[in-house]
Visitor: 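My questions all concern the structure below.
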Amino acid sequence: MNELRHLLVVDDDQEICTLLSQFLTEHGFRVSIARSAKDATRILEAARIDLVILDIMLPGENGLVFCQRLRADTMMPIIMLTAMGDEIDRIVGMEMGADDYLPKNTSPRELLVRVRAVLRRSGIAPTVTSTNKHRVLEFAGWRLVVTRRQLLSPSQALIPLRAGEFDLLLALAERPQRVLTRDQLLDIARGRTANPFDRSVDVQISRLRRKIEVDPKEPAFIKTVRNGGYIFAAEVVEKETEA
C-alpha cells in the first residue's frame with residue numbers, strides 16, 4: 001500500500017539528472033533517468049511510470065514532439081522543463097499536452113511541490129476518503145464527479161480530462177455565473193501565483209471547449225469576458241450519489 005511513486009526524468013544534462021534523482025529519491029520517490037526520447041520510450045515500455053519530467057531540448061526527437069506522442073497514447077502526467085522561459089515555449093508546451101511547465105533554473109524544492117500537486121490532481125497520489133458518497137456537479141446533462149475526478153457526458157460517456165483540465169473545469173463549475181480572471185483561475189486550480197503573462201489557462205480553456213461545447217467557437221458554457229477572464233454560464237446543481 002506504500003508503493004513509491006515512479007518518476008521518469010528525461011534530460012540529457014548529467015548534472016541535472018543527478019541532482020533531481022538524488023533530491024526526489026530523498027523525498028520518497030523512485031526515479032529513473034533517460035537521456036533521450038528513445039531511452040525514455042524504452043523505459044516506459046518496461047516499467048510503470050507515474051509522471052514524466054521532460055526537458056524540451058533533447059538530442060534526436062525533441063521534448064515537445066515526444067510530449068505530443070506520449071499524450072496521443074496516454075494521460076500520464078507530464079511536467080516540462082526548459083532553459084528557455086518565454087511565453088511561446090510555455091504555451092506550445094501546454095498545447096502539446098503538458099500538465100505543468102517550469103524553467104530549468106527552478107529550485108528542486110519548487111519542482112517537488114509541482115510534482116506532488118500534479119500527481120494529486122491526476123488522482124495518482126494516495127487519497128483518504130471517509131465516506132462512500134460521491135460529490136457530483138451537474139450542468140446541462142453533464143456530470144462532474146468530483147471525488148472520482150471524472151467527467152460524464154449527457155450520454156454517460158466518460159470524457160478523458162488531463163489533471164489541469166479537470167481542476168480548471170472544477171474551479172469554474174464551483175463558481176457559476178461569476179467572472180474569474182486568469183490569475184484567480186491559476187490560484188484556485190493550481191494553487192500557485194500566476195505570472196501576469198501566463199496564458200496556459202487560455203490553452204486549457206480552449207481544450208475544454210473542444211470537449212464539452214457543441215460549438216467551441218460559440219461556447220455556451222465557458223464564456224470569455226472581455227478584459228475580465230471567464231465565466232461558467234451554465235446552471236450548476238450539486239448532488240451526492242452513492243459509491
Visitor: Might you confirm whether atom CD of Glu15 has over 12 heavy atoms from other residues, nucleotides or ligands at distances under 6.0 Å?
Guide: no
Visitor: Between Val237, Val146, Val145, which is the residue that forms a side chain to side chain contact (heavy atoms under 4.5 Å, CB included) with Val136?
Guide: Val145
Visitor: Ignoring hydrogens and angles, state whether a donor on the side chain of Arg114 or Thr106 is under 3.5 Å from an acceptor on the partner side chain.
Guide: no
Visitor: I want to check something: taking the side chain as every heavy atom from C-beta on, are Leu24 and Leu112 in contact at a cut-off of under 4.5 Å?
Guide: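 In contact.
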Visitor: Which value, rounded to the nearest 0.5 Å, describes the distance between Arg207 atom CZ and Leu169 atom CG?
Guide: 13.0 Å
Visitor: Going from NE2 on His27 to CZ on Arg109, what distance comes out if it is rounded to the nearest 0.5 angstrom?
Guide: 4.5 Å
Visitor: Mark yes when over 12 heavy atoms from residues, nucleotides or ligands other than Lys211 sit less than 6.0 Å from its NZ; otherwise mark no.
Guide: yes
Visitor: With side chains defined as the heavy atoms from C-beta onward, is the minimum distance between Asp11 and Leu20 less than 4.5 Å?
Guide: no
Visitor: Could you check whether atom CD of Gln177 has more than 12 heavy atoms from other residues, nucleotides or ligands sitting under 6.0 Å from it?
Guide: yes
Visitor: Might you work through the salt bridge (Lys or Arg N to Asp or Glu O under 4.0 Å) test for Arg135 and Glu174, ending with a clear yes or no?
Guide: CA-CA 12 Å; Arg135 178 177 174 235; Glu174 286 182 327; 2.9 Å; yes
Visitor: Please say yes or no: joined through hydrophobic side-chain contacts below 4.5 Å, possibly via intermediate residues, are Met75 and Val115 part of one cluster?
Guide: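 In one cluster: no.
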Visitor: Transitively linked via ILVMFWY side-chain contacts under 4.5 Å: Leu152 with Trp142?
Guide: no
Visitor: Between Met80 and Leu64, is any pair of side-chain heavy atoms under 4.5 Å apart?
Guide: yes
Visitor: Do you know which two heavy atoms are closest between Ile49 and Leu51, and how far apart they sit?
Guide: CG2-O, 3.4 Å
Visitor: The test is side chain to side chain contact (heavy atoms under 4.5 Å, CB included); show your working for Arg175 and Phe232 and say whether it passes.
Guide: CA-CA 7 Å; Arg175 300 161 181 82; Phe232 197 70; over 6 Å; no
Visitor: Would you say Gln156 and Arg143 make side-chain contact, with heavy atoms under 4.5 Å?
Guide: yes
Visitor: Considering only residues two or more places apart or on different chains, which pairs with a residue in residues 224-234 satisfy side-chain hydrogen bond (donor to acceptor under 3.5 Å, both in side chains)?
Guide: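 For residues 224-234: Asp202-Tyr230, Arg209-Thr224.
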Visitor: Determine whether Ser32 and His6 make a side-chain contact, defined as any pair of heavy atoms from C-beta on separated by less than 4.5 Å.
Guide: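 Yes, side chains in contact.
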Visitor: Could you tell me whether the side chain of Glu61 and the main chain of Lys38 form a donor-acceptor pair under 3.5 Å?
Guide: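 Side chain of Glu61 to backbone of Lys38, a donor-acceptor pair under 3.5 Å: no, none is there.
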Visitor: Donor-acceptor check, side chain of Gln204 to backbone of Glu165, threshold 3.5 angstrom: yes or no?
Guide: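 Side chain of Gln204 to backbone of Glu165, a donor-acceptor pair under 3.5 Å: yes, one is there.
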Visitor: So, using side chain to side chain donor-acceptor pair (under 3.5 Å) as the criterion, who are the partners of Gln14 when residues are at least two apart?
Guide: Thr18, Arg35
Visitor: Please test Arg71 against Asp99 for salt bridge (Lys or Arg N to Asp or Glu O under 4.0 Å), starting from the C-alpha separation and ending with a verdict.
Guide: CA-CA 10 Å; Arg71 188 54 76 221; Asp99 295 283; 3.1 Å; yes
Visitor: Linking I/L/V/M/F/W/Y whenever any side-chain heavy atoms sit under 4.5 Å apart, do Ile231 and Leu137 land together?
Guide: no
Visitor: Please name the residue in the list Ile43, Thr41, Asp55, Val52 that meets the side chain to side chain contact (heavy atoms under 4.5 Å, CB included) test with Val10.
Guide: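 Looking at Ile43, Thr41, Asp55, Val52, the match for Val10 under the side chain to side chain contact (heavy atoms under 4.5 Å, CB included) is Val52.
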